[in-house]
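Only one structure is covered here, and it is reproduced in the block below.
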Amino acid sequence: MQTPKDSAAARAPFGTVLAPTMAVARFQNGQWQPAEMRPTGAIELHPAAHVLHYASTCFEGFKAYRWADGSINLFRVDRHIERMRQSARSLILPEPDAKQLAEMIHATVRVNHESVPEAPGALYLRPVLFGTSPNIGAAGTPSEEALLVVLASPVWDYFGLKPLRIFVDDAHARSATLMGSVKTGGNYAAALGPTLEARRRYQSDQVLFAPGGEVQETGAANFVLIRKGKLLTRKLDSAILHGVTRDSLLTLAKSEGYEVEERAIDVREMLDWVRDGEAALSGTAAVLAGVGVLIHKGEEHRVGNGEVGEITKTLRAALVAMQRGETPDRFGWSTPVVRP
Ligand SMILES: *Cc1c(COP(=O)(O)O)cnc(C)c1O
């Protein structure tokens, strides 16, 4: 594992560098214990821990940005805390206390402030919660103990501005029923097989899951269709993760007069749209990444001219400018952690 001080770390791949300090809190005897700050590193875990057998785990991902005035600001942290609590409830894990988790996040940003890169980089925050009760007989019983850890990772560009090749898989769902809106480890393990298979066969970057011809999302990002003055994306339900970036994008676009439609999207409609429209993936890591090609039933469908769309670039720039404090925070999305 590299540390932020390694010179090679300057453009390291997303998530491979961790900041030196993490926050840790334990749920024991029916309550959350006080959090402590520790050097980022190994934790002791019993091999019978609930999470290792029964996948009782969820996580979050969001960023803190260093603004030009020297302050460091979290983007929509309240939404992410609320989503983590929702994920915990869905998995019958002890629900993190919102105030305690917020304090852990703030403390993690503050102690690691030297690890926050200049824009366009950011400090990516990764809280993770998992069941630790040592009981291999607990397949049908929730974990009574849990650990909550907040990791931080300096990140640079994720997908960059290269148009993505997306394989459209109309055979598989991304996740088990009801689990799509939960940010839980098993979903990513489940998407890995189809994603690697598509990469081998079609050199695709990601898979867009569309079981029965109904568009869901990719392994870790929401899917949006874009054209002049209009956005179209799947409505929120339990099949997809309720992305904060998706919500930010739709809110921003609406405020700029775009018509925003949220409903079911059929693969045929999507392929028709992209002949002269745009498509993009939205998520904290990617922000808004343009799609260049959709591969469906062995056929390549170019999205527009095959490059990242102009409207996609404009929307991405508007969102990034807000995250970096370059335009006014009209929606109250930024929380200062370190003052100038
Ligand atoms: C995290 C995630 C997203 C994006 O959510 P954001 O809140 O925008 O970061 C979308 N889809 C999946 C499956 C995810 O795990």
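Atom set for the values below is all heavy atoms of this structure, side chains included, hydrogens, waters and symmetry mates excluded. First listed ligand is number 1; within each ligand, the first listed atom is number 1. These numbers come from a predicted model, not from an experiment.
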Any salt bridge between Arg85 and Asp97, counting N to O under 4.0 Å? no
Presence of salt bridge, Glu60 and Lys183, under 4.0 angstrom: no
Using a 6.0 Å distance limit plus a 45 degree cone around the ring axis, check whether Arg227 lies over the aromatic ring of Trp273. yes
Assess, by modelled atom type and distance only, whether the side chains of His242 and Asn222 contain a donor and an acceptor separated by less than 3.5 Å. no
Flag the pair Arg246 and Glu262 as a salt bridge only when some basic side-chain nitrogen lies within less than 4.0 angstrom of an acidic carboxylate oxygen. yes
Pairs meeting criterion salt bridge (Lys or Arg N to Asp or Glu O under 4.0 Å) with involvement of residues 133-153, two or more places apart: none
Write down, by chain and number, every protein residue that brings a non-hydrogen atom to less than 4.0 Å from an atom of ligand 1. His80, Arg83, Arg174, Lys183, Tyr188, Glu217, Gly219, Ala220, Ala221, Asn222, Leu241, Gly243, Val244, Thr245, Gly283, Thr284
